[in-house]
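Here the structure is a predicted model, which means the values were calculated and not measured. Here, residue 1 is the first one in the sequence, and each next residue gets the next number.
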Amino acid sequence: MAKRLYEVWKGKNKFIFRGRLIFGPDAKSLIITLLLIIVPVIIFCTNVARNLFDETSGNIAGYAILMVTVVFTIYVLLLLLLTSARDPGIVPRNLHPPTEEICYDSSASIDVGRQTPTPRLPPTKEVIVNGVPVRVKYCITCQLYRPPRCSHCSVCDNCVERFDHHCPWVGQCIGMRNYRSFFLFISSSTILCIFIFGMSALNIKFLTNDYGTVWKAIKESPLSVVLMVYCFIFLWFVGGLTCFHLYLIGTNQTTYETFRYRGVERPQVYDRGCLNNFREVFCSKIKPSRNNFHAYVQENERGFTRGMNSEGYIGNLDGNRREKVEDDREIGGDLLKISQRREAEDA
């Protein structure tokens, strides 16, 4: 019986709705993130917003505060879902790995001073990006040369295009297809924190006017102070993250590139100017996913188990490729015999 791609997927992802939504292996952390957002909003709406509604005597300002809070929270949660449940740009594993080259590896020699031809793929190769040569690596797990700016996530066990980082708070890799929603999520969370902090401070001000002192106002609404402290702490995290990613977008870098090549001078291959960099992130069309996780897969595709060991040598080759390697080794052996015979004749 044919199976769907998500049922035989070799990565560590989790799927729901028959592969229509894809999450990382640490998707349970989403529960914590949801609680960090929803619980403060519920406290704000049931206590602080209600007090503000009474202070404004039920006019349009009181309704507006409540409506803005609810609508903006739904917007933040929707962005969280778009970030966590979307394919971040996973590169499908290669069913037909590139043909290996015959290289001479001294470590594989039988006798001292003699080298044996060994099938091996070059670990890197150069491609031209914007007129500049860029070195890309061969991924042993996915059996392909990664596209530029692609990296293999050890958490999800997938190669992801324009890999930025794996975010445990959203339980997903951040890559080419969900970076925009991720940035909008953290920036919107920052705005929500500022809004709740400001409204809680306004509530304390109204209560101070009513009761005469700040201390009495705090005793009347201690949850307003709790929300202010919570938002202040949380703002350092999401606010700092938003500012950091504004810098990354303006210079067209990723978090992975920034930390990996920190202190190393390298050409800015992808930087097209601040304005064009922002256009690329916010105005470009999101590319369709390379994977249809809901689709059926053929038996030979599901049975593909070829891989490479840690040294980069091909293992479990199919018949044709095995014959090619054996023929090359026989040729090498014949040349060695001929050389030995000629040395004996000369002696």
Side-chain angles (χ1 to χ4, degrees), residues 21 29-86 167 169-172 174 178-211 214 216-247 249-250 278-279 281-283 286:
L21 298 181
S29 60
L30 269 173
I31 299 175
I32 300 176
T33 306
L34 289 171
L35 292 175
L36 289 174
I37 297 172
I38 295 175
V39 172
V41 170
I42 292 177
I43 294 174
F44 176 81
C45 291
T46 56
N47 292 273
V48 180
R50 187 179 64 182
N51 293 339
L52 291 173
F53 186 80
D54 295 335
E55 289 290 342
T56 56
S57 302
N59 60 22
I60 191 171
Y63 289 106
I65 292 172
L66 188 60
M67 288 301 299
V68 168
T69 305
V70 173
V71 172
F72 206 73
T73 301
I74 294 174
Y75 173 68
V76 171
L77 295 178
L78 180 61
L79 289 172
L80 176 61
L81 178 64
L82 289 175
T83 304
S84 302
R86 175 185 288 176
C167 181
W169 295 101
V170 302
Q172 181 63 282
I174 307 302
N178 65 349
Y179 182 79
R180 182 188 303 172
S181 58
F182 170 75
F183 176 80
L184 292 175
F185 165 68
I186 58 175
S187 58
S188 300
S189 299
T190 302
I191 296 173
L192 183 61
C193 280
I194 295 174
F195 178 79
I196 293 179
F197 181 91
M199 292 300 102
S200 299
L202 182 62
N203 184 48
I204 293 294
K205 182 180 180 301
F206 285 150
L207 293 175
T208 301
N209 294 336
D210 293 340
Y211 292 93
V214 176
K216 290 182 179 180
I218 293 174
K219 290 178 65 176
E220 182 66 23
S221 181
L223 289 177
S224 295
V225 180
V226 172
L227 287 174
M228 290 175 64
V229 173
Y230 175 84
C231 290
F232 181 79
I233 296 173
F234 202 70
L235 190 59
W236 279 99
F237 174 70
V238 293
L241 201 58
T242 300
C243 294
F244 175 66
H245 280 278
L246 281 173
Y247 162 75
I249 294 172
F278 273 89
R279 274 185 194 164
V281 173
F282 296 107
C283 301
I286 298 177

Practice problem: Go through the steps to decide whether W169 and S29 satisfy the test side-chain contact (heavy atoms from CB on, under 4.5 Å), and finish with yes or no. | Solution: CA-CA 6 Å; W169 295 101; S29 60; 6.0 Å; no
If you take all heavy atoms of [X] and [Y], which pair is closest and at what distance?
| X | Y | answer |
| --- | --- | --- |
| S188 | Y75 | OG-CE2, 3.2 Å |
| S224 | S200 | O-CB, 3.6 Å |
| Y211 | K216 | O-CD, 3.6 Å |

Listed by chain and number, what are the side-chain hydrogen bond (donor to acceptor under 3.5 Å, both in side chains) partners of Y230, not counting sequence neighbours?
->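 For Y230, no residue satisfies side-chain hydrogen bond (donor to acceptor under 3.5 Å, both in side chains) once neighbours in sequence are set aside.
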Check: V170 and T33 side chains under 4.5 Å, non-hydrogen atoms
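Side chain of T33 against side chain of V170, heavy atoms only: no contact under 4.5 Å found.
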If you define the side chain from C-beta out and look only at heavy atoms, does anything of F53 sit under 4.5 Å from L66?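 With C-beta onward as the side chain, the pair stays apart.
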Check whether more than 12 heavy atoms from other residues, nucleotides or ligands sit under 6.0 Å from atom CZ of F244, and answer yes or no.
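Check passes, neighbour count above 12.
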- Message: Under a 3.5 Å distance rule, please check whether S187 uses its side chain to pair with a backbone N or O of L184 as donor and acceptor.
- Response: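 Yes; at least one donor-acceptor contact below 3.5 Å.
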Side-chain donor/acceptor of T190 to backbone N/O of V238, under 3.5 Å: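 A pair under 3.5 Å: yes.
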I'd like to know whether T69 forms a side-chain contact (heavy atoms from CB on, under 4.5 Å) with F195, so could you lay out the CA-CA distance, the side-chain angles of the two residues, the decisive distance to 0.1 Å, and finally the verdict.
CA-CA 8 Å; T69 305; F195 178 79; 3.1 Å; yes
| message | Is the ring pair Y179/H245 parallel, tilted or perpendicular, if the boundaries are 30 and 60 degrees? | response |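 Y179 and H245: tilted rings.
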Hey, can you tell me if F278 and F282 have their rings parallel, tilted or perpendicular (30° and 60° cut-offs)?
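F278 vs F282 ring planes: parallel.
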Using 0.5 Å steps for rounding, measure from the [atom1] atom of [X] to the [atom2] atom of [Y].
| X | Y | atom1 | atom2 | value |
| --- | --- | --- | --- | --- |
| L80 | F185 | CG | CZ | 4.5 Å |
| I196 | I65 | CD1 | CD1 | 12.0 Å |
| N47 | L223 | CG | CG | 4.5 Å |
| L202 | M199 | CG | CE | 5.5 Å |
| L36 | I31 | CG | CD1 | 12.0 Å |
| L79 | S181 | CG | OG | 7.0 Å |

Between I174, L246, L241, V281, which is the residue that forms a side chain to side chain contact (heavy atoms under 4.5 Å, CB included) with F183?
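With F183 as partner, side chain to side chain contact (heavy atoms under 4.5 Å, CB included) holds for just one option, L246.
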Please say which of L227, V226, L207 ends up in a side chain to side chain contact (heavy atoms under 4.5 Å, CB included) with S221.
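Result: among L227, V226, L207, L207 is the only option passing the side chain to side chain contact (heavy atoms under 4.5 Å, CB included) with S221.
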*Donor-acceptor side-chain pairing of N178 and T83 below 3.5 angstrom*: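 The answer is no; no qualifying pair exists.
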Qualifying residues under side chain to side chain contact (heavy atoms under 4.5 Å, CB included), relative to R279, sequence neighbours excluded: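 Expected list: L275, N276, C283.
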message = side-chain contact (heavy atoms from CB on, under 4.5 Å) for R86 and I286? Distances and angles first, verdict last.
response = CA-CA 12 Å; R86 175 185 288 176; I286 298 177; 3.4 Å; yes
